[in-house]
Each structure stands twice: as structure tokens, then as C-alpha cells.
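Below is one structure; the comments refer to it alone.
Position 1 is the first residue of the sequence, and the numbers go up from there.
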Amino acid sequence: MHQATNLEGLDERCDSHPITAYIGFDCTADSLHVGSLVQIMMLRQLQKTGHKPIVLMGGGTTKIGDPSGKDEARPLLSDQDIAHNKAGILKIFKQYLSFGDDPTDAVMIDNADWLESISYIRFLRDYGSHFSINRMLSMDSVKLRLDREQNLSFLEFNYAILQAYDFMELRRRYGCELQMGGSDQWGNIVTGIDLTRRVDNQEVFGLTSPLITTASGAKMGKSAKGAIWLNEERLSIFEFWQFWRNTEDADVKKFLQLFTELPMDEIEQLAALQGAEINQAKIILANQVTQLCHGDKNAAMAEKTASETFNKGVMSEGLPQLEVSADALDDFSVLDAFVQLGLADSKGAVRRLIKGGGAKINNHPISDEAIILTKEDFDIDKKLQLSAGKKRHAILTLI
């Protein structure tokens with residue numbers, strides 16, 4: 001927890017009856033990434049302790065774009081893109097939450113249901129006087145952009161107003177009493193609390209989590225390849241598992257606490273491991289997080305793949321794979337293979353990898369970026385292994 005409004009009052013409310021709480025997620029991509037995992041776990045914990053979570057999808061606010069933490073406006077998406085992204089995000093939440101009609105079952109709601117029908121003049125008349133421009137200019141999401149003399153459009157400036165209206169509407173429709181989110185949402189949350197108090201004379205609450213960083217200071221959820229996505233279509237389960245397996249020693253305890261449901265005494269024992277033994281704690285971390293996100297079977301497969309690849313030197317079927325036809329080999333360079341398999345994000349990155357000796361074919365370093373793959377490079381099963389450094393591997397299959 002980072003910030004909260006009237007924590008004592010919220011505590012009393014939670015003790016007196018099951019409360020309904022929400023976190024909003026805009027539909028900017030068809031998957032969330034690890035950076036959203038704290039919020040997802042907050043909703044899961046809320047439900048496990050007898051309360052009702054609302055997953056609010058920003059079908060309406062995605063068309064505006066949240067300026068929080070951004071140096072420029074987000075690209076505007078079509079209705080079709082938003083619907084596609086919403087479906088992908090729902091798949092994630094079905095892994096973490098129980099949806100249904102029981103009192104504490106989660107529901108997924110789209111704010112387009114009410115935002116799309118707003119009459120502009122009526123909205124300004126009914127609610128415009130309750131928003132202070134002075135206060136909004138002091139919000140971090142606005143202030144940072146203005147201080148940097150970066151453009152902030154009137155479109156984006158409206159985002160906080162619409163999020164505030166969401167909170168009031170959710171209280172009216174579903175009795176929602178609490179909004180949670182990352183610390184960058186604090187200003188938006190407080191604005192919604194203030195609007196609900198002014199218009200409906202009702203007290204609602206806000207609670208945020210801190211921005212999670214690694215021990216080395218990096219933003220949580222980023223890797224050398226980019227975002228660590230939660231959907232398998234965006235990131236292979238093995239790569240997801242491997243991300244957690246490669247956790248820095250100093251982060252093991254914190255990540256076990258935040259992202260798993262192991263008992264605290266067991267976490268303390270794992271965190272006390274030293275030297276090479278800490279690797280066992282990292283494997284447990286990777287298994288536990290992957291089980292929650294992708295299921296027990298997939299977590300076990302990812303661990304098996306890692307064991308075969310790193311301990312036994314076997315070309316495991318669980319590695320990311322790409323098929324290439326024999327006819328296409330002449331026009332399919334090593335650079336293409338590394339990029340398409342996700343081992344590098346550009347051909348330039350592959351060239352640098354080769355120059356540094358980190359690019360390998362079947363565990364043999366590549367010395368020439370112009371090398372052409374041939375049928376002879378593939379084994380009897382028509383496979384070859386490409387490696388970027390010691391920890392990232394993938395399989396190219398000849399068809």
C-alpha cells in the first residue's frame with residue numbers, strides 16, 4: 001500500500017459488510033503485462049477475503065487516453081481494436097478471479113456503457129462546476145507534462161474528469177465504495193472521491209499501491225526484450241517463467257510476498273537461502289507465479305523446459321518455436337531468424353549480439369552475420385537451436 005484516504009473509515013466499512021471495489025484498465029493492448037500484476041493480485045486478495053471485485057474496462061476512456069506517466073498522447077484506437085483488446089484482457093482475469101452471479105463473484109464492466117451516452121452540455125451543467133482547474137493543474141499527470149513543456153491536449157485533460165465520473169457511476173449502479181490502482185492514479189482517484197461527495201453526499205475510498213521497481217532500480221515488468229506480457233499469445237509461457245527465474249537475489253522475498261500466495265513463514269525460509277541455494281527459491285517463485293497466470297500444467301512444463309535446456313543441454317520442445325520452409329531458407333537470414341523468434345528486437349541488435357559472441361546456432365557461436373542457414377544445420381528432427389546469450393533460447397523447425 002502506498003496511499004489511502006481515511007484508512008480507519010475504510011477498515012470499519014470492510015469489517016461491517018462485504019464491500020465492492022474496482023480497478024480500471026484501459027484497453028490499449030490485448031494483454032496486460034507484469035506491471036499490472038500488483039493490481040491484479042489486489043483484486044484477487046480482495047475477493048479471497050470476502051469482498052466483491054469489479055474489473056472496469058476502459059472502453060470509453062481508452063478513446064481519450066490517460067496522460068499519467070506519459071510524455072505524449074496515446075494513439076487513438078478504433079472500436080474494433082478496443083473490443084479485441086478487451087477480450088484478451090478478460091482471459092487474464094479469468095485466471096485470477098472467480099466470475100459469476102454470487103455476491104462476491106467478480107464482474108467485468110465497460111465504462112463505455114455510460115460514457116458513450118453522455119450529453120456534453122448536460123454533463124458540463126451538472127458536473128463541470130465541481131472540478132477545479134487549479135487543482136487539476138497540480139495533479140502529477142498534468143503538472144509533469146506542463147513542466148517539461150510537452151503538449152497536453154484538451155482531450156487528455158478530460159481523462160481525470162471521466163475517471164472521476166466512473167467512480168460516482170459505479171457507486172450508484174453497483175454500490176462500489178473503493179477504487180484501487182497504482183500510485184500514478186492517486187490524483188484521478190481523489191478527484192472521483194471528491195465528486196461523489198459533492199454530488200451524492202456519499203463517502204467513498206481510495207487506495208493505491210507503490211510503483212514496483214527491481215533492486216537495481218528498473219521499472220517492474222520490463223526486460224531486455226520489452227514488456228513481460230501476461231497473455232501466452234504475446235509472450236511464451238517459458239519466457240514468462242524464465243523472467244521470474246532470473247529475479248535478482250535481493251528481490252526474491254519481495255516478489256514472493258507480492259506475486260505468490262505462499263505462507264509468510266515459508267517465504268521467510270526461502271528468502272533466508274544464501275549462495276547457490278537461492279536459485280531454488282527463484283524456481284519456486286517462477287513456478288508459483290506461472291501457476292497463477294497460466295495454470296499448474298504449463299508451469300510444470302516451463303520448469304521441465306528450463307531443466308532440459310540449461311541442465312541437460314537438450315533441445316526442449318517447450319522453447320519458443322518458429323517454422324520455416326525449405327524453399328524459404330535462401331531468403332531467410334540468421335538476422336531474420338533471431339528477430340522473428342523474439343531473441344532480438346531488431347537486426348541491429350542481432351548484429352551487436354554476434355559481434356559480442358552472444359549469438360549461437362546449436363551452441364556454436366556465430367561469427368558472420370551473413371551466414372546462410374542450410375538443411376544441414378538442422379538435426380534429424382529438422383530442428384536447430386538459436387541462442388541469445390546464456391539464458392534465451394528458441395527453436396527453428398524446417399517444414
Side-chain angles (χ1 to χ4, degrees), residues 33-35 37-38 41 45 209-230 235-320 342-344 352-353 356-360 362-365 385-395:
H33 54 69
V34 167
L37 200 50
V38 168
M41 293 297 289
Q45 186 69 12
S209 62
L211 175 68
I212 306 300
T213 57
T214 64
S216 59
K219 188 175 180 180
M220 181 64 184
K222 296 290 185 180
S223 73
K225 286 180 57 181
I228 303 300
W229 299 100
L230 302 182
L235 184 74
S236 74
I237 296 172
F238 170 72
E239 291 175 287
F240 180 82
W241 186 95
Q242 194 65 26
F243 168 78
W244 297 99
R245 168 62 181 83
N246 293 333
T247 295
E248 297 177 47
D249 292 1
D251 287 325
V252 170
K253 180 179 179 179
K254 177 170 70 173
F255 289 176
L256 283 167
Q257 291 172 331
L258 289 173
F259 303 118
T260 79
E261 295 176 331
L262 292 175
M264 287 302 298
D265 57 350
E266 185 175 343
I267 291 175
E268 292 290 346
Q269 292 173 13
L270 291 170
L273 296 175
Q274 299 292 324
E277 290 186 342
I278 194 69
N279 290 326
Q280 186 56 40
K282 295 180 183 181
I283 290 172
I284 292 172
L285 169 66
N287 284 337
Q288 291 290 319
V289 180
T290 307
Q291 284 170 12
L292 284 173
C293 190
H294 296 292
D296 294 354
K297 183 178 178 180
N298 286 322
M301 178 61 73
E303 183 182 7
K304 180 174 180 286
T305 298
S307 177
E308 290 176 345
T309 302
F310 301 116
N311 299 334
K312 302 176 184 177
V314 176
M315 197 182 300
S316 176
E317 291 292 329
L319 293 173
L343 295 173
R352 291 190 293 273
L353 195 64
K360 297 180 181 180
N362 295 330
N363 294 317
H364 298 293
Q385 180 173 297
L386 297 175
S387 304
K390 296 179 180 180
K391 297 181 178 179
R392 293 161 56 205
H393 308 274
I395 295 174

**Prompt:** In Å and rounded to the nearest 0.5 Å, what is the OG1 to CG distance from Thr290 to Asn298?
**Reply:** 9.0 Å
**Request:** For residues Arg245 and Ala286, report the shortest heavy-atom separation together with the two atoms involved.
**Result:** N-CB, 3.8 Å
**Request:** Find out whether Leu230 and His294 are in side-chain contact, i.e. whether some heavy atom of one side chain is under 4.5 Å from a heavy atom of the other.
**Result:** no
**Prompt:** Is the shortest heavy-atom distance from the side chain of Val252 to the side chain of Leu273 under 4.5 Å?
**Reply:** no
**Message:** How close do Ile278 and Leu270 get, counting heavy atoms only, and between which atoms?
**Reply:** CD1-O, 3.9 Å
**Prompt:** Can you tell me how far the SG atom of Cys293 sits from the CG atom of Leu235, to the nearest 0.5 Å?
**Reply:** 9.5 Å
**Closest non-hydrogen atom pair between Ser387 and Gln385, with its separation** = OG-NE2, 3.5 Å
**Prompt:** Do Leu343 and Leu353 come close enough that some side-chain heavy atom pair is under 4.5 Å?
**Reply:** no
**Item:** Check: Thr247 side chain, Asp251 main-chain N or O, donor-acceptor pair, under 3.5 Å
**Value:** no
**Asked** Do the side chains of Leu292 and Glu261 get nearer than 4.5 Å, heavy atoms only?
**Response** yes
**Prompt:** How would you list all residue pairs meeting ring pair (Phe, Tyr, Trp, His ring centres under 6.0 Å) that involve residues 251-283, not counting sequence neighbours?
**Reply:** Trp244-Phe255, Trp244-Phe259, Phe255-Phe259
**Prompt:** If you round to the nearest 0.5 Å, how far is NE2 of His33 from CD1 of Ile228?
**Reply:** 10.0 Å
**Message:** Contact between Lys282 and Asn246 at the side-chain level, heavy atoms closer than 4.5 Å - yes or no?
**Reply:** no
**Request:** Mind checking side chain to side chain contact (heavy atoms under 4.5 Å, CB included) for Glu303 and listing every partner two or more places apart, or none if nothing turns up?
**Result:** Trp241, Ile283, Asn287
**Item:** Partners passing side chain to side chain contact (heavy atoms under 4.5 Å, CB included) against Ser209 (at least two apart in sequence or in another chain)
**Value:** Val38, Gln39, Met42
**Message:** I'd like to check Leu262 versus Gln288 (side-chain heavy atoms, cut-off strictly below 4.5 Å). Are they in contact?
**Reply:** yes
